Amino acid sequence: MSQIPRQKVIAAGALLGLISAVLVYVFLARQANESTTKYLVVTARQNIERGSIIDADEVQLRSLPKNVLPSKTALTPNAVVGKMTNTRLLAGQPISINDVDQSDRLAHIIPPFKRAVTVALDPIIGVGGFIKPGDHVDVIATFALYDSTVTRTVLQDVELLATGAEVVTSGEANKSDKPDTQPNATLAVMPIDAEKLILADAKGKIRLVLRRADDRSYIHTKGITGRAIIGNVPTDVPMPNTQIQTAQPSTTTTSAAKPEVAANASKPAVKPVATNVSTQKPPMAKSTTKGICATKTKPVQTIEIVRGTKRENTLVSE
């Protein structure tokens with residue numbers, strides 16, 4: 001058996017070493033190329049909580065190397081705007097398609113045995129806009145009962161699933177006007193608590209009270225009334241629906257007419273006299289003159305009696 005010449009063995013080894021060096025160089029060059037080549041992807045402009053609806057102002061486009069990008073990274077804002085997040089996103093983090101719910105459904109994040117109920121909010125009711133999905137809140141409602149108000153804690157330790165805004169149409173508006181939006185919050189509650197929440201939202205005014213992150217306590221409260229806070233009303237405070245009643249002039253012919261005279265003080269009035277005056281002819285007075293049988297009629301005068309706005313003429317004999 002002939003042996004391979006030593007020179008050929010050395011040449012083969014050198015060739016294999018050269019091929020290996022070339023392959024390593026190509027691999028390293030490709031890695032370097034991937035680490036320096038950047039792609040324009042969608043990232044979070046700020047922290048976005050789980051269960052939030054991504055708004056256009058919350059995302060931005062950034063150039064990032066390929067080796068730091070997750071799989072299925074969103075390349076356009078339209079791929080994630082309006083979608084609900086499945087996880088918490090940090091500022092500057094590239095957003096993957098897997099990080100958002102493509103079906104736009106809230107059902108997958110509702111805790112077991114609970115229901116999602118949405119209530120309307122405003123900047124004050126929503127704790128000044130500081131509540132975020134994942135926070136726990138108490139629901140307090142104020143009801144108007146007769147002439148008083150009652151404030152009660154309806155629910156405690158309720159998880160906030162999502163926050164959003166609903167477009168509200170208000171009558172006829174110009175095309176140039178921006179539509180009004182009504183912020184709202186979606187809470188995860190038990191079925192029996194859902195009934196309480198809906199009734200409180202319909203019959204009263206609700207507020208959400210933010211709880212400490214690690215606070216899961218339950219405190220029994222009796223509620224508070226407006227009378228308990230205000231106390232006794234001072235006597236000099238005018239009561240509602242109280243007006244000074246002015247005397248109305250009387251239209252009946254009575255002998256007492258003081259309120260009517262007071263109401264018509266500017267008009268000249270004659271002091272009322274007895275209205276029991278007969279309208280028959282006055283009696284004739286007999287004369288006792290000797291030798292003469294004659295009668296003498298007493299003079300009669302007419303006076304005007306004013307009772308309020310009514311005037312009467314009465315005959316009075318002297």
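Side chains included, hydrogens not; waters and symmetry mates left out as well; all remaining heavy atoms used. Remember, predicted model here, so these are calculated numbers, not experimental data.
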I need the Ile53 CD1 to Thr186 OG1 distance, nearest 0.5 Å. 8.5 Å
Test: Arg88 and Glu49 ion pair at under 4.0 Å: yes
Got a donor-acceptor contact below 3.5 angstrom from the Asn86 side chain to the Val100 backbone? yes
Hey, could you give me the CZ/CG distance between Arg212 and Asp214, rounded to the nearest 0.5 Å? 4.5 Å
Nearest atoms (heavy-atom pairs only) where Val59 meets Arg45: O-NH2, 3.3 Å
If two hydrophobic side chains count as joined below 4.5 Å and joins carry through other members, does Ile198 share a cluster with Leu160? yes
If you round to the nearest 0.5 Å, how far is CG of Leu161 from CD1 of Ile110? 6.5 Å
Is there a path of hydrophobic side-chain contacts, each under 4.5 Å between heavy atoms of I/L/V/M/F/W/Y residues, joining Val81 to Met84? no
Please report the C-alpha distance between Ile206 and Ile140 in whole Å, then the side-chain angles of each, then the deciding distance to 0.1 Å, and finally whether the side chain to side chain contact (heavy atoms under 4.5 Å, CB included) criterion is met. CA-CA 6 Å; Ile206 66 172; Ile140 298 179; over 6 Å; no
Taking all non-hydrogen atoms of both residues, which atom of Ala144 and which atom of Thr149 are closest, and how far apart? CA-CG2, 4.3 Å
Without swapping roles, check the side chain of Ser52 against the backbone of Ile48 for a donor-acceptor pair under 3.5 Å. no
Given Val41 and Leu61, is the side chain to side chain contact (heavy atoms under 4.5 Å, CB included) satisfied, shown in steps? CA-CA 5 Å; Val41 296; Leu61 292 174; over 6 Å; no
If you apply the rule side chain to side chain contact (heavy atoms under 4.5 Å, CB included), what do you find for Gln156 with His136, and how did you get there? CA-CA 8 Å; Gln156 297 188 36; His136 286 245; over 6 Å; no
So, for Phe113 and Pro191, which heavy atoms are closest and what is the spacing to 0.1 Å? O-CD, 3.7 Å
Are Val119 and Leu155 in one and the same hydrophobic cluster, where Ile, Leu, Val, Met, Phe, Trp and Tyr link if side-chain heavy atoms are under 4.5 Å apart? yes
Residues at least two apart in sequence or cross-chain that pass side chain to side chain donor-acceptor pair (under 3.5 Å) with Thr151, listed by chain then number, are Thr142
Could you verify whether a donor N or O on one side chain and an acceptor N or O on the other, from Thr76 and Asn78, lie under 3.5 Å apart? no
Considering all heavy atoms, the nearest Pro94-Thr73 contact: CB-CG2, 4.2 Å
Backbone N/O of Tyr39 and side chain of Ser63: donor-acceptor pair under 3.5 Å: no
Does the side chain of Val139 reach to within under 4.5 Å of the side chain of Thr153, using non-hydrogen atoms? no
Please lay out, stage by stage, how Val42 and Leu75 fare under the test side chain to side chain contact (heavy atoms under 4.5 Å, CB included). CA-CA 6 Å; Val42 180; Leu75 302 179; 5.8 Å; no
CG of Leu69 to CD1 of Ile95: how many Å apart, nearest 0.5 Å? 12.5 Å
Side chains of Ile229 and Ile224: does their closest heavy-atom pair fall under 4.5 Å? yes
Euclidean distance, Lys203 NZ relative to Leu199 CG, rounded to 0.5 Å: 7.0 Å
So, are Asp101 and Lys83 salt-bridged, with charged N and O less than 4.0 Å apart? no
When you measure from the side chain of Asn47 to the backbone N and O of Ala91, does any donor-acceptor pair fall under 3.5 Å? yes
With clusters defined by side-chain heavy atoms of hydrophobic residues (ILVMFWY) lying less than 4.5 Å apart, directly or transitively, does Ile97 cluster with Ile54? no
Answer yes or no: is there a donor N or O on one side and an acceptor on the other, between the side chain of Asp99 and the main chain of Ser96, under 3.5 Å? yes
Mind checking whether Val189 and Leu210 sit in one hydrophobic cluster, side chains of I, L, V, M, F, W, Y counted as touching below 4.5 Å? yes
Please give me the minimum heavy-atom distance between Asp157 and Arg216, naming the atom from each residue. OD2-CD, 3.2 Å
Spacing of CZ belonging to Arg211 relative to CD belonging to Glu159, to within rounding of 0.5 Å: 12.5 Å
Please indicate whether Ile192 has more than 12 foreign heavy atoms, meaning atoms of other residues, nucleotides or ligands, lying under 6.0 Å from its CD1. no
